[in-house]
Amino acid sequence: MPELPEVETTRRGIEPWLLGARVDAVAVRERRLRWPVTPRLARELTGRSVESLERRAKYLLMAAGGGTLIMHLGMSGSLRVHKTPGQPGPHDHVDLVLNNGRTLRFNDPRRFGAMLWTRRDPMRHPLLRHLGPEPLGAEFDGDCLWRLSRSRRAAVKTFIMDGRVVVGVGNIYASEALFRCGVDPRRAAGRVSRQRYGLLADSIREVLAAAIKRGGTTLRDFTGGDGQPGYFAQELNVYGREGDACPGCGGPIRQTALGQRSTFFCPRCQR
DNA sequence: CCCGATTCCTGTAGGC
DNA sequence: TGCCTACAGGAATCGG
């Protein structure tokens, strides 16, 4: 499940093969992703050289020849650079054939991912323009969480997963960050103190940075741009561990649902 | 504006 | 063993 660390791991894995490479051909075998892949995408991308590959939230932005390819992995998408791609398998929806002999291949069984071409400033794109701060950036801290949360009655876990508040915090890392700072995920966002938001912001930053260091979390099938899995799963304290002993107090980890999302926490350590 | 519910999709885990 | 259903989730979008 690509969250920010998995997207960043992917970006770092494929960037060296993309920078400066020219796109010689684009093969679109399945147009039905989150939004339809337009014929324009292949037409305009072909012949352009890649200038940069950046990440904003969970989007990857590949700048090429004045336009930008906006990519999102959804929840089952992956991007890999192949030396010899071979016959496309199931769910290998898009290939970018590069002039350095490599092929960037987008695979996405559930097709929640996206590939969009824009000639405008990507940061002004409707999907990106209302996004909150990057959790690893300088402008993100406990005070901005605290300010935005006043009078909010939604659960704090739901609140930190809202991309307008802070980007990149998905279901796994939301549970982990809240455990780390001892905040009950069910607590109303407006009823978390300023001081505890300071701790929560630190926890979000730490847990994401640690996951990036490990190459992301591979629960089932995530692999980075080189096909390697991530190793943060073994450092998860609560996610997916209902009934297991809490690493803090030894009591059982509990599971509940918040905003239709499974949520894991320790009722003794988190208040 | 705020918030919860619904929607897209398919692989897989669990129940019978 | 094998079939069937439920569930997983990012995030846009809808409905209240």
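Every chain is numbered from 1, with letters handed out A, B, ... down the list of sequences.
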Any A/His72 side-chain nitrogen or oxygen under 4.0 Å from OP1 or OP2 of C/dA12: no

Selection from B/dC3, C/dG10, B/dG11 that lies nearest to any side-chain heavy atom of A/Lys58: C/dG10

Stacking check A/Phe112 vs C/dA11 (5.5 Å / 30 deg): no

Heavy-atom check, side chain of A/Phe140 versus side chain of A/Glu134, under 4.5 Å: no

d(CG, A/Leu116; C1', C/dA11) in whole Å: 13 Å

Nearest to side-chain heavy atoms of A/Tyr239, which nucleotide of C/dG10, B/dG11, C/dA8: C/dA8

Euclidean distance, atom NE2 of residue A/His91 to atom P of B/dT12 [Å, nearest integer]: 9 Å

Value in whole Å for how far the C1' atom of C/dA11 lies from NZ of A/Lys157: 14 Å

N/O (side chain, A/Tyr173) to phosphate O (OP1/OP2, C/dG10) under 4.0 Å: no

Nucleotide nearest A/Trp35 (side chain, heavy atoms from C-beta), chosen from C/dA12, B/dG11, C/dG9: C/dA12

A/Ala154, nearest nucleotide to its side chain (from B/dG4, C/dA8, C/dA11): B/dG4

Shared hydrophobic cluster, A/Val169 / A/Leu236 (ILVMFWY, side-chain heavy atoms < 4.5 Å): yes

Whether A/His93 and A/Phe106 hold their rings parallel, tilted or perpendicular, with breakpoints at 30° and 60°: tilted

Residue-phosphate contact under 4.0 Å: A/Arg111 side-chain N/O, B/dT10 OP1/OP2: yes

Whole angstrom value for the distance that separates P of B/dC3 from CG of A/Asp162: 9 Å

Touch class at under 4.0 angstrom, heavy-atom based, for A/Arg32 against every strand present: nothing

N or O in side chain of A/Arg152 less than 4.0 angstrom from B/dC3 OP1/OP2: yes

Whole-Å gap separating C1' (C/dG10) and CZ (A/Arg34): 8 Å

SB check A/Arg105 A/Asp92 (cutoff 4.0 Å): yes

Beyond-backbone contact of A/Pro185 with A/Gln270, side-chain heavy atoms, under 4.5 angstrom: yes

Base B/dG4 paired with A/Arg261 side chain (donor-acceptor, <3.5 Å): no

Estimated bend of the helix from B/dC2-C/dG16 to B/dC16-C/dG2 (axis per five terminal pairs, rounded to 10 degrees): 60°

Proximal nucleotide (of C/dA12, B/dA5, B/dC2) relative to the A/Leu127 side chain: C/dA12

Interatomic distance, A/Arg191 atom CZ to A/Ser149 atom OG [nearest 0.5 angstrom]: 12.0 Å

Whole-Å gap separating C1' (C/dA12) and CE (A/Met161): 14 Å

Rounded distance (Å) that lies between atom P of C/dG10 and atom CG of A/Leu258: 14 Å

Nearest-Å distance for atom pair CD/C1', residues A/Glu242 and B/dA13: 15 Å

Polar side-chain atom of A/Asn171 near backbone of A/Ser175 as donor-acceptor pair, under 3.5 Å: no

OP1 or OP2 of C/dG9 under 4.0 Å from side-chain N/O of A/Ser262: yes

From CA spacing to verdict: side chain to side chain contact (heavy atoms under 4.5 Å, CB included), A/Arg111, A/Arg32: CA-CA 7 Å; A/Arg111 294 196 271 119; A/Arg32 296 171 300 168; 3.3 Å; yes

Along DNA chain B (nearest heavy atom to each residue), the more 5'-positioned of A/Leu148 and A/Gln260: A/Leu148

Sugar-phosphate, base or nothing in reach of A/Tyr59, heavy atoms under 4.0 Å: sugar-phosphate

